[in-house]
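As the structure is a prediction and not an experimental result, all values here were calculated from the model. Both ligands and their constituent atoms are indexed starting at 1 by order of listing.
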Amino acid sequence: MRIVLLVDMDYFFAACEEVRNPSIKDKPVVVGADPKNGYGRGVVSTCNYIARSYGIRSGMPISIAYRLKRDAIFLRVDEPYYESVSAKIMALLRNFADKFEQVSIDEAFLDISNRVKSYEEAYEYAKKIKDSIYANFSLPCSIGIGQNKLIAKMACEAAKPNGIKLVREEEAKRFLEPLQLEKLYGVGKKSAERLKELGFKTIGDIAKANKQLLINEFGSFGLEIYEHANGIDNEEVFEENEIKSIGREHTFEHDIDEGERIKNEILSLADEVASEVNKSCFYFKRVTLKIRYEGFDEHLHTYSLGYYTQDVEKLKRVAIMLFEQNNTGEKVRKIGLRVSNLIKGRGQKRINEYF
Ligand code: TTP
Ligand code: MG
Ligand code: MG
C-alpha cells in the first residue's frame with residue numbers, strides 16, 4: 001500500500017508576515033503590490049483568512065482588494081524572507097519522509113509508505129508533522145493524505161485551513177465525484193471550459209465518461225483526466241538527485257500575449273536546456289513549463305515521459321504541447337523550462353539501455 005502526504009502551508013506569505021509582526025495577526029493582511037489608495041497596479045500575492053472573508057483572493061488586482069477592505073494591512077512581497085522560512089520548513093519535512101518532493105515554495109509531497117502500517121497511523125503521523133511545524137515556526141499548515149499524489153493534493157485542498165484530511169483508497173472515487181471540474185488536478189481554466197461545452201459538470205461526470213471520447217478530444221491529456229477523475233495516478237513522489245533539475249527562464253520586457261513569440265522563446269529555452277543536459281551527461285524524464293502571467297500568477301505544468309532521454313526535439317514538442325494545452329490567453333511576463341528526474345549517463349552505449 002502506498003501512502004502519500006501533501007503538506008501545504010496556509011496563506012504562506014501573509015502567515016510569515018504575521019510571524020515577524022504578531023500585532024497584525026487579528027487584522028486582514030494582504031501581501032502584494034502597493035495599492036496606492038486604490039490606484040495601484042499589480043495583484044494580490046496572497047492574504048490571510050480574515051482578508052479572504054472580505055472576498056480578497058490571490059491574483060486579484062490590488063485596486064479591487066483595496067476597494068473590498070481599504071483599512072486592511074497591505075504589505076509588499078519579501079521573497080527572500082519567505083524563501084528562507086521555506087528552506088527551514090522543507091529541511092524539517094524531509095526528515096519525515098522516505099521519498100520527498102518539494103513542489104513549490106510552500107508545499108511538498110511526502111511518501112510515507114514505509115513509515116506507517118495503516119491509514120490510521122498515517123493520520124497520527126500527519127498530526128505529528130503539523131505539530132512539529134507549528135512548534136518550530138508558529139506557522140499553520142494543512143495536510144492531505146491519500147493513496148497517491150493526486151488524492152493527497154486534493155485532500156489537502158479540502159483540509160484547508162489548518163486541517164488534516166484523510167481519504168482512504170476505498171473512499172477516493174466518492175470523494176472526487178461531487179467536486180467541480182476546475183478542482184481536478186491538472187485541469188486549467190481553458191480545458192475546464194472545453195469540458196463544460198461537452199456537457200461535463202463534475203469530476204464524477206468525467207469518471208463515468210467514455211474514455212475513448214476524451215482521448216479523441218484531448219489526446220493523452222484526455223486519458224490523464226479520465227484516470228485522475230477515477231482517482232488513478234501512478235506518478236512517484238520524486239526523490240531528488242544531487243542536481244535536482246536543469247532549467248532556464250526568460251522574462252519578457254513587456255507582458256505579451258502573442259502565442260507565436262512565446263513559443264519561439266520556449267524553443268530557444270529548450271535549445272539552452274538541452275545543451276546543458278548534454279554537457280553534463282544527464283538524461284531527463286520530466287519536463288516542466290512555468291508560465292508566469294501578469295503579476296504573480298504563476299503556473300507550473302509538468303509532463304512525464306515514459307523513458308529517459310536527451311533529445312532536444314522531444315523536449316521541444318513536449319514544451320510546446322504543455323504551452324498549448326495550458327495557456328490561459330492572459331498576458332505572459334515570464335516563461336521557464338525545466339527538466340528533472342535526471343540520471344547520469346555515460347556515452348552512447350548506455351543511452352539505449354534506458355529506452
Ligand atoms: P498557495 O499555497 O497557493 O496559497 P497560500 O499558501 O497563500 O494559501 P493557502 O492557505 O490557500 O495555501 O501559494 C503559496 C504562496 O505563493 C502564497 O502564500 C503566495 C504565493 N502566490 C502568489 O504569489 N500568487 C498566487 O497567485 C498564488 C496562488 C500564490
Ligand atoms: Mg499554501
Ligand atoms: Mg501551495
Side-chain angles (χ1 to χ4, degrees), residues 5-20 24-25 28-35 40-62 64-65 72-90 93 100-110 129-130 133-134 137-144 149-150 152-165 182-183 185-186 188-189 251 255 288 290-302 326 328 330-334 336:
L5 307 188
L6 190 268
V7 180
D8 185 292
M9 304 305 295
D10 292 338
Y11 64 100
F12 184 53
F13 291 4
C16 289
E17 295 296 347
E18 290 180 358
V19 165
R20 71 172 160 191
I24 62 175
K25 220 173 157 52
V29 177
V30 181
V31 177
D34 187 343
R41 288 166 48 83
V43 296
V44 173
S45 222
T46 194
C47 58
N48 67 3
Y49 280 77
I50 304 175
R52 289 181 199 192
S53 73
Y54 294 96
I56 302 175
R57 294 287 181 275
S58 288
M60 169 185 280
I62 200 76
I64 293 185
I73 311 277
F74 286 94
L75 300 169
R76 294 308 79 70
V77 177
D78 181 357
E79 271 192 53
Y81 167 53
Y82 316 135
E83 285 285 357
S84 74
V85 178
S86 166
K88 288 182 211 147
I89 294 169
M90 295 302 155
L93 285 178
F100 177 83
E101 177 180 353
Q102 182 178 348
V103 274
S104 81
I105 190 165
D106 84 328
E107 67 194 86
F109 286 110
L110 284 70
I129 294 175
K130 200 165 150 42
I133 291 185
Y134 196 80
F137 309 108
S138 306
L139 288 169
C141 70
S142 298
I143 303 182
K149 287 161 82 168
L150 165 82
K153 170 82 184 168
M154 296 187 57
C156 182
E157 287 300 314
K160 281 197 170 290
N162 200 18
I164 300 173
K165 169 89 180 163
E182 293 84 348
K183 293 257 162 111
Y185 195 34
K189 247 192 265 167
T251 306
D255 299 346
T288 301
K290 176 162 94 179
I291 309 174
R292 184 156 179 172
Y293 294 99
E294 281 178 298
F296 267 99
D297 207 1
E298 188 167 291
H299 296 234
L300 295 178
H301 306 289
T302 295
N326 297 293
T328 63
E330 286 148 90
K331 287 197 166 172
V332 173
R333 169 163 302 176
K334 188 159 121 192

Near Lys160 (heavy-atom distance under 4.0 Å), the atoms of ligand 1 are 9 (P), 10 (O), 11 (O), 12 (O)
### Message
Regarding Ser58 and Arg52, do their side chains bring together a donor and an acceptor under 3.5 Å, going by distance alone?
### Response
no
- Geometric N/O contact Ile105 with ligand 1, under 3.5 angstrom: no
Interatomic distance, CD@Glu18 vs CD1@Ile50, rounded to 0.5 Å, equals 7.0 Å
So CG of Asp78 and CD of Glu83: to nearest 0.5 Å the spacing works out to 10.5 Å
Near Asp8 (heavy-atom distance under 4.0 Å), the atoms of ligand 1 are 2 (O), 12 (O)
Review point. Are any of the N/O atoms in Glu298 less than 3.5 Å from those in ligand 1?
Key: no
When rounded to the nearest 0.5 Å, the distance separating CG of Asn162 from SG of Cys141 is 7.5 Å
Worksheet entry | Charged N-O contact under 4.0 Å between Glu298 and Arg292 | yes
Per-atom filter on ligand 1: closer than 4.0 angstrom to a heavy atom of Asp10 are 6 (O), 10 (O)
Under 4.0 Å between heavy atoms, the region of Arg52 that gets near ligand 1 turns out to be side chain
Taking the side chain as every heavy atom from C-beta outward, state whether Ile62 and Val43 have any atom pair closer than 4.5 Å. no
Geometric N/O contact Met9 with ligand 1, under 3.5 angstrom:
yes
Among Ser45, Pro161, Gly59, Ser86, the residue with a heavy atom nearest to atom 22 (C) of ligand 1 is Ser45
shortest atom 2 (O) of ligand 1-to-protein heavy-atom contact is with Asp106 OD2, 2.8 Å
Q: Check whether any N, O or S atom of Met9, backbone or side chain, sits closer than 2.8 Å to the Mg ion (ligand 2).
A: yes
Note: Pro35 and Arg76 closest approach over all heavy atoms is CD-NH2, 3.5 Å
Among Ser142, Ser58, Cys156, the residue with a heavy atom nearest to atom 28 (C) of ligand 1 is Ser58
Numbered in order shown, the ligand 1 atoms found under 4.0 Å of a heavy atom of Phe12 are 5 (P), 6 (O), 7 (O), 18 (O)
- Task: Check step by step if side chain to side chain contact (heavy atoms under 4.5 Å, CB included) holds for Met9 and Ile133.
- Result: CA-CA 10 Å; Met9 304 305 295; Ile133 291 185; 3.8 Å; yes
message: Taking the side chain as everything from C-beta on, heavy atoms only, tell me whether Leu139 gets closer than 4.5 Å to Phe12.
response: yes
Closest to atom 7 (O) of ligand 1 among protein heavy atoms sits Thr46 OG1, 2.5 Å
Among the N/O/S atoms of Asp106, the Mg ion (ligand 3) lies closest to OD1
Taking the side chain as everything from C-beta on, heavy atoms only, tell me whether Val31 gets closer than 4.5 Å to Tyr82. yes
Notebook entry, point to check: If you measure every N/O of Tyr11 against every N/O of ligand 1, is any gap under 3.5 Å?
Noted result: yes
Exercise. Please state whether the separation between the Mg ion (ligand 2) and some N/O/S atom of Asp8 is under 2.8 Å?
Key: yes
A student checking ligand 1 against Tyr49 at a 4.0 Å heavy-atom cut-off should list atoms 9 (P), 10 (O), 11 (O)
